[in-house]
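Structure first, then comments.
Positions are given from 1, in the same order as the sequence printed here.
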Amino acid sequence: MELKGKKIGIAFSGSFCTFDKVFRELEHLKEAGAEIYPIFSGAAISIESRFGKPGEFLKRAGEIAGREPICGIEEAEPIGPKGYLDLLAIIPCTGNTAAKLANGITDTAVLMAAKAHLRNGKPLVIFISTNDGLGANMKNIGMLMNAKNIYFVPFGQDDAEKKPNSLVAHCDKIIPTLEMALEGQQIQPLLV
């Protein structure tokens, strides 16, 4: 399905090592004609890491989207009643965020956006990025894979030798995954 004119929420949780690649994909989404609504978790707007500063991330997302990012739970809640997003994607989705989503915890703007969006029966795409995906978080990933209206960007081990439990989705599969999710389909193969 074409992304032109589609209203797409892009929700950032931690996993700062993926942000640069994700921002490049946001630019591609914008070029494809999508309307982007950036959403940031508390961690994404407060933790300064070797990958950058929160202010830089917020500014870059706002510039690409042409609108201010949503950063608070109260700002994200209207996504449900107003139903203005066609699709929401958590890119990246940390193991912590996946665990909370799988267990119904809503304590960040990202999780509120997901809960509010899912209640409208619209697609939620997850770009998993966790050091514990093949460990304790596997059960949460499995629960989310079995949930209605949730789709995954294809993923795999990012360093099987040094981090055998670590999983990360593939940035080059974001746009094809979004297109298929809008049609109610999970892109395949999922494990790459």
Side-chain angles (χ1 to χ4, degrees), residues 3 6-30 34-79 84-102 105-118 122-133 137 140-141 144 150-153 155 158 166-175 177-178 181:
L3 297 176
K6 296 296 181 189
K7 295 179 180 180
I8 300 175
I10 301 293
F12 291 80
S13 62
S15 195
F16 306 104
C17 61
T18 64
F19 276 27
D20 193 50
K21 291 177 185 175
V22 169
F23 279 122
R24 277 181 264 158
E25 292 305 310
L26 275 186
E27 290 166 350
H28 294 146
L29 275 175
K30 187 71 171 179
E35 291 182 44
I36 300 168
Y37 292 79
I39 305 159
F40 281 77
S41 72
I45 61 170
S46 64
I47 296 173
E48 188 172 315
S49 74
R50 63 187 164 108
F51 300 103
K53 297 178 181 179
E56 295 166 356
F57 299 140
L58 290 167
K59 182 180 178 192
R60 190 168 177 192
E63 287 172 351
I64 294 168
R67 61 177 46 88
E68 290 295 312
I70 294 169
C71 297
I73 292 173
E74 65 284 354
E75 296 172 75
E77 189 276 335
I79 289 171
Y84 58 86
L85 295 179
D86 295 304
L87 180 143
L88 175 66
I90 304 176
I91 303 175
C93 182
T94 62
N96 186 53
T97 298
K100 289 178 178 183
L101 183 61
I105 298 169
T106 309
D107 64 354
T108 69
V110 167
L111 291 162
M112 175 55 79
K115 174 185 172 184
H117 181 72
L118 282 169
K122 294 181 181 177
L124 172 67
V125 170
I126 294 176
F127 177 103
I128 200 71
S129 182
T130 174
N131 286 325
D132 198 29
N137 258 310
N140 299 314
I141 293 168
L144 293 171
I150 295 180
Y151 305 90
F152 279 77
V153 176
F155 58 86
D158 64 284
S166 184
L167 293 176
V168 69
H170 300 285
C171 281
D172 63 330
K173 302 291 186 190
I174 291 173
I175 290 177
T177 301
L178 299 180

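- Using modelled atom types, one side-chain atom of Ser13 and one backbone atom of Thr94 make a donor-acceptor pair closer than 3.5 Å.
- Contact record, Glu77 with Ala116: O-CB, 3.8 Å, taken as the closest heavy-atom pair.
- Lys21 NZ: 12 or fewer foreign heavy atoms inside a 6.0 Å radius.
- Between Ala181 and Tyr151, the shortest heavy-atom contact is CB-CD1, 3.7 Å.
- Residues Pro38 and Ile10 are not in side-chain contact: their nearest non-hydrogen atoms beyond the backbone lie 4.5 Å or more apart.
- Contact of the Ile64 side chain with the Arg60 side chain is registered, since non-hydrogen atoms from C-beta on lie closer than 4.5 Å.
- For Cys93 against Ile90, the heavy-atom pair with the smallest separation is CB-CG2, 3.5 Å.
- When all heavy atoms of Ala109 and Ile73 are compared, the pair lying nearest together is N-CG1, 3.8 Å.
- When all heavy atoms of Leu85 and Ile8 are compared, the pair lying nearest together is CD2-C, 4.1 Å.
- Using a distance-only test at 3.5 Å, with no hydrogens or angles considered, a donor-acceptor pair links the side chain of His117 to the main chain of Pro123.
- Here the CG-CD1 distance, from Leu3 to Ile36, works out to 9.5 Å after rounding to the nearest 0.5 Å.
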Phe57 vs Phe12, test: side chain to side chain contact (heavy atoms under 4.5 Å, CB included). Steps then yes/no. CA-CA 10 Å; Phe57 299 140; Phe12 291 80; over 6 Å; no
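- Rounding to the nearest 0.5 angstrom, the gap separating the CG atom in Leu178 from the CG atom in Asp86 is 11.5 Å.
- Counting heavy atoms from C-beta outward, Phe40 and Ile70 have side chains that stay 4.5 Å or more apart.
- Salt bridge Asp172/Arg24: absent, no basic N to carboxylate O contact under 4.0 Å.
- Residues Ile128 and Asn137 have side chains not in contact (no heavy-atom distance under 4.5 Å, counting atoms from C-beta outward).
- Considering only heavy atoms from C-beta on, Thr108 stays 4.5 Å or farther from Thr97 through its side chain.
- Atom CG of Asp107 is separated from atom NZ of Lys100 by 3.5 Å, given to the nearest 0.5 angstrom.
- Of the inter-residue distances, the one linking Tyr37 atom OH with Glu75 atom CD reads 14.0 Å to the nearest 0.5 angstrom.
- At most 12 heavy atoms of other shown residues, nucleotides or ligands fall within 6.0 angstrom of atom CD in Glu68.
- How far CD1 of Ile141 is from CG of Leu101: 11.5 Å, rounded to the nearest 0.5 Å.
- Within a 6.0 Å sphere centred on NZ of Lys115, heavy atoms belonging to other residues, nucleotides or ligands number 12 at most.
- Here the closest non-hydrogen pair linking Ile79 and Ala113 is CD1-CB, 3.7 Å.
- The distance from atom CZ of Phe127 to atom CD of Glu25, rounded to the nearest 0.5 Å, is 8.5 Å.
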Take Cys71 and Leu58 through the side chain to side chain contact (heavy atoms under 4.5 Å, CB included) test and state the conclusion after the steps. CA-CA 9 Å; Cys71 297; Leu58 290 167; 3.7 Å; yes
